[in-house]
Structures are given as structure tokens and as C-alpha cells.
There are 2 protein chains.
Amino acid sequence: MPSLNAPHTSERHPFQRLQSQLADLIALTPAGDRLPTEPELARRMGVSRATLREAMRTFEGQGLIRRRQGVGTFVVSHNHVIESGLEVLQSIESLAAKIGLEVTLGTLQVMRLSANQDQAAILSVPEGTPLLEVSRVIQAEDRPVAYLIDLLPEEFLTLDDLQDGFTGSVIDFLLRRGSPPLVNSLTEIHAVAASSEIARALEIQRGDVLLMFTARLFSGEGQVVDYSYSYFLPGYFRFHVVRRVG
Amino acid sequence: MPSLNAPHTSERHPFQRLQSQLADLIALTPAGDRLPTEPELARRMGVSRATLREAMRTFEGQGLIRRRQGVGTFVVSHNHVIESGLEVLQSIESLAAKIGLEVTLGTLQVMRLSANQDQAAILSVPEGTPLLEVSRVIQAEDRPVAYLIDLLPEEFLTLDDLQDGFTGSVIDFLLRRGSPPLVNSLTEIHAVAASSEIARALEIQRGDVLLMFTARLFSGEGQVVDYSYSYFLPGYFRFHVVRRVG
DNA sequence: AAAAGTCATGTTGTCAGACAATTGACATTT
DNA sequence: AAATGTCAATTGTCTGACAACATGACTTTT
């Protein structure tokens with residue numbers, strides 16, 4: 001029997017659902033407005049105040065809310081920062097759209113392969129596990145601007161899945177399907193010189209400067225669903241992050 | 001009455017002290033090791049378990065620890081490169097200290113200047129406002145690894161301030177003095193090729209790849225206190241960020 | 001009338017203790 | 001040897017309470 005309220009069906013871990021509900025509430029609350037009081041929110045979300053406060057702490061750490069003792073909890077201005085900031089994982093397609101960049105999918109390449117030692121370690125799967133590698137070039141203004149490679153076990157994505165309405169973004173596909181449930185991504189930020197292969201794909205010179213992200217995408221159980229490395233041409237993307245003073 | 005244990009004298013908010021203590025403990029705990037149990041930690045830190053768990057949640061959000069029900073809380077791997085979650089703003093010096101890396105101050109250069117149009121716009125001050133520019137080179141293992149430039153109005157930092165125990169880090173100085181109150185920083189992430197000037201300072205070749213941050217540091221009133229641009233040699237730093245699935 | 005002080009109220013911050021859920025190790029049975 | 005049961009340890013959550021703080025209304029003083 002399918003649930004009526006589809007948005008949050010990852011009922012496996014109540015804390016995640018709570019976080020998701022709170023995220024929605026914060027997103028829907030105008031900047032500067034006060035959230036309901038903690039006892040009220042706890043009652044409404046069906047959790048204790050202690051649990052609610054732990055969840056709230058995660059949003060405070062992201063600079064999304066500000067709590068003032070004796071006054072209340074307020075949503076901070078999330079106009080530019082959150083939209084295009086790194087705090088939220090979004091597919092490159094929607095990210096690019098947010099900065100007003102018309103993007104098209106360049107070459108798309110899908111390959112089945114068997115996990116070598118490094119890949120097995122990164123994805124926490126046994127060596128030899130069948131994997132799917134999806135690599136694609138993103139174009140803007142008739143020019144390649146990003147090169148993205150996703151690597152994930154066939155358990156999560158098969159060649160057959162890609163037959164039907166696959167736009168190129170693995171993340172968007174997984175999110176649309178709803179399983180496995182995605183929670184967060186640990187992204188590392190690097191600056192690299194373009195290798196020959198990357199240079200050819202992006203139509204630049206070998207050794208040119210690129211911004212590179214490597215990301216592990218985690219499911220609810222802490223399982224690695226997807227490992228991706230992304231190369232970005234400087235100038236076409238602006239990534240920023242709000243860092244709080246520790 | 002001076003406290004005996006000097007390390008954490010920011011007693012203004014007990015929660016911050018707790019976070020600082022926990023950060024140290026996590027930094028000093030070998031990767032993969034288990035932390036003490038929550039009741040034990042709460043007792044040792046002198047707080048309740050609920051408060052402790054809220055603080056732990058912030059570190060979990062940064063990917064520094066992993067909690068497993070029925071088993072314990074573990075420190076996740078942090079290698080010997082300077083690794084930092086971007087969620088929290090810390091000086092390179094304190095970052096390095098946390099992982100036990102010896103860093104020294106290379107060349108330090110301080111210059112008074114008068115805000116030109118761009119600088120005035122960035123710092124939200126009138127054109128001509130007297131500014132202080134602090135640039136420095138960070139060395140690790142007898143090699144320059146980072147080049148950092150801070151630009152801020154003399155209202156917040158004067159030449160005189162730097163006479164007395166200035167370690168090179170503007171952030172650390174402002175934090176130690178406690179005014180103006182720092183809240184957060186909006187950091188942009190770029191990849192650039194080294195200019196001649198930067199290449200000379202970092203003893204690399206012009207055109208070599210560098211990771212670059214530009215950051216505006218905000219006070220409580222939303223005022224821009226400091227504008228900085230930082231160049232990092234790849235390989236010596238590993239910055240990461242936890243992105244939640246929107 | 002204006003200023004200062006006082007108090008009530010509402011909100012977040014913290015606490016103590018308890019029980020539930022999960023895991024891992026060990027013992028027991030098949 | 002394998003499956004199952006038992007138990008202790010640990011994190012996850014809940015309940016209720018009080019402390020700290022901010023705000024506004026009210027009272028008192030000037």
C-alpha cells in the first residue's frame with residue numbers, strides 16, 4: 001500500500017526523517033522569521049525535546065538557524081548562501097541552472113567494470129564487485145566546462161536503469177527513484193592540473209588548472225553508494241561555503 | 001583568580017569550551033580508535049549527557065566521528081596532510097597544531113594602505129579608509145605551503161596591535177582579543193595558476209596549480225571585518241565539506 | 001511626564017535519570 | 001560445525017524539571 005504523503009518515506013531512521021522535516025520547515029520559513037518553540041516543535045514532530053535539539057544543532061552548524069536563549073530560534077537569511085553554497089548537495093545540472101548557465105550534456109559514457117583494490121576500498125565492497133562507471137561532459141555556451149565521473153556498485157545502478165529517462169546525473173536519478181536513501185556526501189576539494197585525458201575531454205591544454213571535487217555519497221546506513229570525481233573549469237562555477245567561527 | 005588550566009579560557013559560553021575540549025580529544029585520538037563512552041565523557045567534561053550529545057552531533061556533521069549504536073563512537077581517519085572540514089573557520093596555525101604538524105611563519109609583511117574602489121566595496125567602507133594588509137607565508141617541513149593575505153580596516157587592527165605577541169594569524173589575534181565579535185565567514189573556492197609574485201613567495205613555478213580561497217569574515221552585526229585570499233599548495237592540505245542531500 | 005526599577009512570562013540551555021534498540025561476545029544447543 | 005540463546009555494553013530516545021536569559025508590562029521614583 002503506497003503511502004499518501006510521498007515526500008518523506010525514508011522511515012527507516014526516525015532521526016533522518018526529523019532532519020528532513022525540519023529542513024523543509026526551515027526552507028519554507030521566510031528568512032528572519034521565528035520558528036515555533038522547541039516544546040511545540042517536538043510535539044509536532046513527535047519526538048522529545050532532546051532529540052529535537054540534537055537535530056537543530058546540525059542546522060545551527062550549517063548556519064541555517066540562529067538560536068537565542070530567552071527569545072527563540074530564527075531562520076537566518078538563506079538567499080544566496082544556501083542556494084549555491086556547498087552545504088547542500090545538488091546535481092551539477094541544477095547547480096549550473098542556479099547561476100544562470102545553460103548546460104547541455106556532452107558525451108556520455110557508461111562502462112561496466114570490476115572493482116580493483118582501490119575502488120573496492122573506497123566503496124567498501126569486496127574486490128571484484130561489479131561496478132558501473134558513468135562519465136559525462138557538461139557543456140555551457142558550446143564549450144565543455146565540467147567533466148564528471150560517477151562510480152557505483154551495480155547493486156545501486158545498472159545499465160538497464162539508464163535506458164529510461166536518464167538525464168546524465170546519477171544523483172538526480174537516485175533521488176528520483178528514492179532508493180537507496182541518500183543522506184549526505186563527504187566532498188574533498190582539490191586543485192589539479194589537467195591530465196591528457198581530461199584535457200582532451202574538456203578541450204583545454206594538458207596542465208591547465210582545474211578545480212576538482214571528490215565525493216563519497218552515503219546512504220542512511222553509512223554505506224557508500226557512489227564515489228565521484230568532478231573536474232570544473234575555473235570561471236564557470238562559483239562555489240562557496242559558510243564557515244562558522246569555532 | 002587565574003585558572004590553572006590555561007588552554008581553554010574562553011569561558012564565556014560553556015558549550016564552546018566543551019566543543020573545544022572535544023575537538024582536541026578527537027584530534028589527539030588516533031584514527032579509527034574508539035572514544036570513551038558518552039557517560040564517561042560527560043562525567044569527564046563536567047556536563048550532562050544530553051549536552052555532550054549535542055556537541056558530538058556537531059562533530060558528526062563534520063564527518064570527524066562516527067557513532068554506532070551498541071558499539072561506540074569512533075574517530076574517522078584523518079591523515080597527516082592538513083585536513084579540515086570547511087564548516088568551521090580556523091587559522092592554519094591551529095589546524096596544523098591539531099594534527100601535530102610543525103608550521104612556522106615564513107615572511108611576514110604588514111602594510112598600511114588606503115582603500116581603493118574595489119577594496120572599499122568588498123569591505124563595505126568608504127573609499128580612502130585606512131586599511132592594513134597582512135601577508136604571510138606558512139612553512140611546513142621547511143617548505144612554503146601556503147600564502148595568506150588579510151585585508152582589514154585599521155578600525156579593527158592597527159600596526160600597534162601587532163607589536164605584542166602577534167603570531168601571524170589575524171583570525172587568532174581577533175579571537176584572542178575578543179573584539180570585534182566574529183561570527184562566520186563566506187568563503188569562495190577557486191583553482192588558479194600561480195602568478196609570478198605568488199610563485200616566488202611559494203618557491204614554485206609560475207603557472208603551477210594552486211587552491212585558492214577568498215573569504216569575507218563577518219562580525220555579529222553583519223559587518224565585514226576582514227577580507228582574505230589564501231593560496232594553498234596541493235598535497236599539503238585536504239579540505240572537505242559534508243554536503244547534505246537537499 | 002519621564003526615567004528607573006521590578007516582576008511576570010516565555011524561551012532556550014542544561015541537567016538527572018531512566019528505558020529502548022542495537023551490537024558483539026560468549027555459552028548453549030542442535 | 002552451525003545455529004540459537006543469553007548477557008553486558010553502548011548509543012538512541014524519552015520524561016520532567018530547573019536555570020539562565022530576554023522581553024514587555026507594570027510600578028515606583030524622580
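Scope of the values below: all heavy atoms of this structure, side chains included, with no hydrogens, waters or symmetry mates. Quick caveat, the model's predicted, so the values are computed rather than measured. Below, read A as the first sequence line, B as the second, and so on, with proteins coming before strands; counting in each chain starts at 1.
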Undergrad: Expressed as a whole number of angstroms, how long is the span from B:Leu52:CG to C:dA16:C1'?
TA: 14 Å
Undergrad: Could you tell me how far apart A:Arg57 (CZ) and D:dG12 (C1') are, to the nearest whole angstrom?
TA: 18 Å
Undergrad: Taking atom C1' of C:dC15 as reference, at what distance in whole Å does atom CD of B:Glu38 sit?
TA: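 Distance check: B:Glu38 CD to C:dC15 C1' gives 15 Å.
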Undergrad: Rounded to whole Å, how long is the line connecting atom CZ of A:Arg67 with atom P of D:dA20?
TA: 18 Å
Undergrad: Is A:Thr51 close enough to D:dC14 that one of its side-chain N or O atoms is under 4.0 Å from OP1 or OP2 there?
TA: yes
Undergrad: Between B:Thr187 and B:Ser185, do the side chains contain a donor N or O and an acceptor N or O under 3.5 Å apart?
TA: yes
Undergrad: What is the distance from CG of A:Leu18 to C1' of D:dG12, rounded to the nearest Å?
TA: 13 Å
Undergrad: Rounded to the nearest 0.5 Å, what separation is found between the CZ atom of B:Arg238 and the CD1 atom of A:Ile189?
TA: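 If I round to the nearest 0.5 Å, the distance is 12.5 Å.
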Undergrad: Let me know the distance between CZ of B:Arg66 and C1' of C:dT22, rounded to the nearest Å.
TA: 13 Å
Undergrad: Using atom CZ of B:Phe74 as one end and atom C1' of C:dT22 as the other, report the distance to the nearest whole Å.
TA: 13 Å
Undergrad: Indicate yes or no: does B:Arg57 engage B:Glu54 in a salt bridge with an N to O separation below 4.0 Å.
TA: no
Undergrad: Test side-chain hydrogen bond (donor to acceptor under 3.5 Å, both in side chains) on A:Thr58 and A:Gln19; report intermediate values, then the result.
TA: CA-CA 9 Å; A:Thr58 70; A:Gln19 270 193 324; 3.2 Å; yes
Undergrad: Does A:Thr73 put a side-chain nitrogen or oxygen below 4.0 Å from OP1 or OP2 of C:dT11?
TA: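 For C:dT11, OP1/OP2 do not have a side-chain N/O of A:Thr73 under 4.0 Å.
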Undergrad: Quick test: give all pairs of protein nitrogen or oxygen and nucleotides 22-25 of chain D nitrogen or oxygen below 3.5 Å, distance rounded to 0.1 Å.
TA:
{"unit_1": "D:dT23", "atom_1": "OP1", "unit_2": "A:Arg68", "atom_2": "NH2", "d": "3.4"}

Undergrad: Is there a donor and acceptor pair, one atom on the side chain of A:Arg49 and one on the base of C:dG13, closer than 3.5 Å?
TA: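 It does, because a donor-acceptor pair links the side chain of A:Arg49 to the base of C:dG13 below 3.5 Å.
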Undergrad: Between A:Val71 and A:Arg34, what is the shortest heavy-atom contact and its length?
TA: O-NH1, 3.4 Å
Undergrad: For A:Leu35 and A:Met56, which heavy atoms make the closest approach, and how far apart are they?
TA: CD1-CE, 4.2 Å
Undergrad: Check the distance between C:dT14's P and B:Arg53's CZ and give it to me in whole angstrom.
TA: 15 Å
Undergrad: With a 4.0 Å cut-off, would you call B:Glu40 and B:Arg43 a salt bridge?
TA: yes
